[in-house]
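In what follows, a single structure is set out as structure tokens and then discussed.
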2 protein chains.
Amino acid sequence: MSDYRSVTIKDVAARAGVSITAVSHALNEKGTLSDETRQRIREIATAMGYQADALARGLRRSRIGVIGIVLRPLDALEDYSPPGIDYFLRFAGAAAVSALGKGLSLMHVADLVRGPVTPLAFSLDGYIVTDPVRDDPVVALLERRSIPYVTLGRDLSKPEATNWVASADADAARQGLRHLEEQGARSIAFVGGTDDNSWNADGETAYREWCEQHGVRQRMFRLPEGLGEQGGHDLVPNLLNGGVPDAIYSLTGRHAAGIQAGMRERGLLAPDDYLLACGTDADQTRTADPPITAIDLRPEILARETVDLLAGITRGEDPAGRRMVQSRLIVRRSSDRGIAPGA
Amino acid sequence: MSDYRSVTIKDVAARAGVSITAVSHALNEKGTLSDETRQRIREIATAMGYQADALARGLRRSRIGVIGIVLRPLDALEDYSPPGIDYFLRFAGAAAVSALGKGLSLMHVADLVRGPVTPLAFSLDGYIVTDPVRDDPVVALLERRSIPYVTLGRDLSKPEATNWVASADADAARQGLRHLEEQGARSIAFVGGTDDNSWNADGETAYREWCEQHGVRQRMFRLPEGLGEQGGHDLVPNLLNGGVPDAIYSLTGRHAAGIQAGMRERGLLAPDDYLLACGTDADQTRTADPPITAIDLRPEILARETVDLLAGITRGEDPAGRRMVQSRLIVRRSSDRGIAPGA
DNA sequence: CTACATACACAAAACGTTTTATACAAGCGT
DNA sequence: ACGCTTGTATAAAACGTTTTGTGTATGTAG
């Protein structure tokens with residue numbers, strides 16, 4: 001490690017024979033400099049490879065070109081890198097890429113509200129908060145600090161808020177339920193999560209409506225997200241309590257995989273003995289045997305919209321919020337009896 | 001957005017009736033303060049919720065608690081979020097999680113050497129560079145700036161370097177080749193990439209050795225990583241040039257999927273007409289039909305080791321480098337003729 | 001009583017910027 | 001010759017820390 005000294009504004013000023021104020025103004029289109037000197041300073045600066053130190057700059061202004069991302073559902077999990085969270089990783093990866101495309105960098109930040117937090121956390125330009133729960137403490141903290149943020153998924157405790165992007169959750173669930181119906185399901189059991197977020201809420205609503213419209217008794221279950229496949233597996237006895245349902249719609253991928261495993265232990269195989277579909281595509285739904293029908297929430301598109309919205313807000317613009325992204329049903333064997341849609 | 005003013009060192013000093021120097025010393029275990037005042041200041045600081053501003057601190061010291069990650073193979077791609085890069089996203093996600101566990105944050109940084117770079121880029125504590133190529137300009141830049149870094153995969157141009165973590169690439173390839181052999185392959189064609197990195201180099205070496213040991217003629221192909229599935233597909237005529245090989249071992253997942261598709265168009269199906277295995281597990285290998293045998297490089301473990309090594313280095317320690325992570329063969333239908341290993 | 005440590009606290013400089021306020025010409029109208 | 005713009009450039013303050021050096025009691029040895 002040599003002792004490299006990077007070139008500062010002072011160096012540029014010295015070389016150009018002007019004050020550092022002149023350099024700053026020349027490079028930031030501020031102040032009153034003749035076009036001539038402005039131009040000259042710029043050339044010298046680039047020739048010397050000058051790049052303003054972001055820390056020093058951030059100290060005065062307050063934008064450092066970095067946005068943070070908080071993955072709430074992962075905060076909650078004890079183990080921080082369980083399998084089957086690839087939706088979040090895909091989202092985070094895609095968000096990073098989108099941010100880079102806008103000249104921003106994305107920084108992962110751990111739970112802001114417990115334990116010591118990364119030093120830079122409160123100096124970031126803005127935040128993406130995925131799937132906040134009702135009265136989310138992280139959201140509250142950001143508000144208190146007046147740090148701009150965008151949530152992925154609506155914040156149920158803030159119906160007036162516009163700073164969110166979400167998949168069209170209710171639509172997605174309806175789409176899944178309609179598909180099961182088309183493949184022959186008359187009664188459908190529903191397995192949601194326990195996190196108090198819009199994703200679960202909208203899924204439940206869609207299910208309730210479907211049941212009412214079809215005059216079918218609701219069979220709704222709520223299973224903590226953290227229980228994962230094991231939880232799905234252990235839920236099976238309850239699911240079978242009132243007889244084998246025609247179909248099961250599970251919101252989370254890990255639950256669905258566990259349910260399928262548990263059903264198989266009882267000799268019940270999809271798609272012959274029941275139909276199975278799932279609200280999020282995940283590693284588990286793809287690799288299960290048989291592969292499980294799932295909804296691709298299109299994390300890449302969600303990420304792009306989220307970053308775009310946040311970037312606009314941090315720049316002080318007033319971009320349109322409340323953005324919804326249409327998701328897409330991926331039919332796989334677990335629910336495919338070969339009946340054409342609309343038949 | 002209210003005008004929240006966060007509590008500064010000055011506020012704490014005022015409240016405690018001491019100088020800001022005293023506060024700084026008290027909180028950083030520096031200087032000469034009586035234990036009594038030290039303690040009193042600490043209590044007041046925590047009571048007021050004081051947290052040192054990372055930017056201001058970074059200006060003086062030079063550690064801000066953030067490490068950067070550069071995904072070189074993605075830098076090279078024109079499209080920045082193609083499918084089938086989930087190995088990198090998994091790695092990045094896992095690295096973020098590992099970093100958080102060490103009180104560091106992970107920041108995605110785009111190609112450092114072309115175009116304007118994120119402002120904070122040169123103020124980060126250190127970097128992870130995945131799969132650097134020979135004489136990688138990003139690596140050169142980091143060295144010039146004397147920013148510590150760790151590479152994922154050896155840097156072929158720096159045989160003496162110890163600052164790397166890698167999967168046991170050669171072992172992995174040997175493992176794959178042995179598996180194909182056990183399933184009945186006598187001649188194996190090999191498809192590598194063109195990036196000049198240790199991953200490709202070690203894979204090729206393992207293949208050459210295997211051919212020599214078995215007295216089989218080499219059938220080695222090099223296909224640019226960027227061509228993806230299409231590239232694999234288009235390579236098939238060349239692959240078939242000297243007759244249908246018993247088996248094909250492809251280093252990258254996208255190539256493998258394309259090859260399988262191309263072979264099918266010619267009526268050749270795995271595992272009956274040929275065996276197919278692949279050096280990296282990817283979305284494409286899992287979801288291909290039939291699913292393709294692949295090597296799980298265990299990005300989560302790689303990420304943990306990489307972050308651990310880098311964290312040690314940035315703290316000025318001298319942690320053991322050159323860490324190798326054993327990978328794991330996942331046998332899928334594309335190469336499975338049901339012959340037990342070792343038979 | 002003097003000289004000299006020792007213990008404690010603080011003032012001021014420094015980090016590299018941006019921003020605000022000021023200075024100095026030159027030109028112009030009176 | 002005077003005051004007033006206008007155009008150009010700079011000095012100095014500010015951002016919130018850390019670090020360096022200085023100062024003042026207090027105690028101790030001679």
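Here is how names work: the chains are called A, B, and so on, in the same order as the sequence lines, proteins then strands, and each is numbered from 1. Note that the coordinates shown come from a computational prediction; the quantities given were computed from them, not determined experimentally.
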* Would you kindly give the CD-to-C1' distance between A:Glu29 and C:dT17, to the nearest whole Å? => 17 Å
* Heavy-atom protein contacts under 4.0 Å, nucleotides 9-14 of chain D, coded B base, S sugar-phosphate only, - none -> BBBBBB
* Structure fact -> Between CG of A:Asp53 and P of D:dT17 the distance, given in whole Å, is 17 Å
* Structure fact -> Of all heavy-atom pairs linking A:Leu310 and A:Gly126, the shortest is CD2-C, 4.0 Å
* Using the closest heavy atom to pick a nucleotide of DNA chain C for each, name whichever of B:Asp35 or B:Ala56 lands nearer the 5' end. => B:Asp35
* Asked: To the nearest angstrom, how far is B:Arg57 atom CZ from D:dT19 atom C1'?
  -> 13 Å
* Divergence of helical axes at both termini of the helix from C:dC1-D:dG30 to C:dT30-D:dA1 - five pairs an end, 10° steps -> 70°
* To do: Please name all residues satisfying side-chain contact (heavy atoms from CB on, under 4.5 Å) with A:Ala303, sequence neighbours left out, ordered by chain then number.
  => A:Phe91, A:Ala94, A:Ala95
* **Interatomic distance, A:Leu59 CG vs C:dT18 C1' [rounded to whole Å]** => 10 Å
* **Side-chain ion pair, A:Glu305 and A:Arg298, N-O less than 4.0 Å** => no
* Taking every non-hydrogen atom, the tightest pair across B:Ser123 and A:Ala54 -> OG-N, 4.5 Å
* Report, as yes or no, whether the 6.0 Å neighbourhood of atom CZ on B:Arg63 holds more than 12 heavy atoms from other residues, nucleotides or ligands. => yes
* Among C:dT17, D:dT18, D:dT17, which nucleotide sits nearest the side chain of B:Asn28? -> D:dT18
* **Closest contact, heavy atoms only, B:Leu27 versus B:Ala45** => CD2-CB, 4.1 Å
* **Rounded distance [0.5 Å steps], CZ in A:Arg38 versus CD in A:Glu43** => 14.0 Å
Using a cut-off of under 3.5 Å, enumerate the N/O to N/O pairs linking the protein to nucleotides 24-28 of chain C.
none

* Once you round it to whole Å, what is the distance between P of C:dT17 and CD of A:Gln51? -> 10 Å
* B:Ile64 CD1 to C:dG16 C1', straight-line distance once rounded to whole Å -> 15 Å
* Structure fact -> Taken to the nearest whole Å, CD/B:Gln39 to P/C:dC8 is 15 Å
* For C:dT19, does either OP1 or OP2 sit under 4.0 Å from a side-chain N or O belonging to A:Lys30? -> yes
* Structure fact -> Sorted by chain and number, sequence neighbours left out, salt bridge (Lys or Arg N to Asp or Glu O under 4.0 Å) with B:Asp53 holds for none
* Within a radius of less than 6.0 Å around CD of A:Glu317, do more than 12 heavy atoms belonging to other residues, nucleotides or ligands occur? -> yes
* **A:Ser34: side-chain hydrogen bond (donor to acceptor under 3.5 Å, both in side chains) partners, not counting sequence neighbours** => A:Thr37
* Carboxylate-amine/guanidinium contact A:Arg323 A:Asp308, below 4.0 Å -> yes
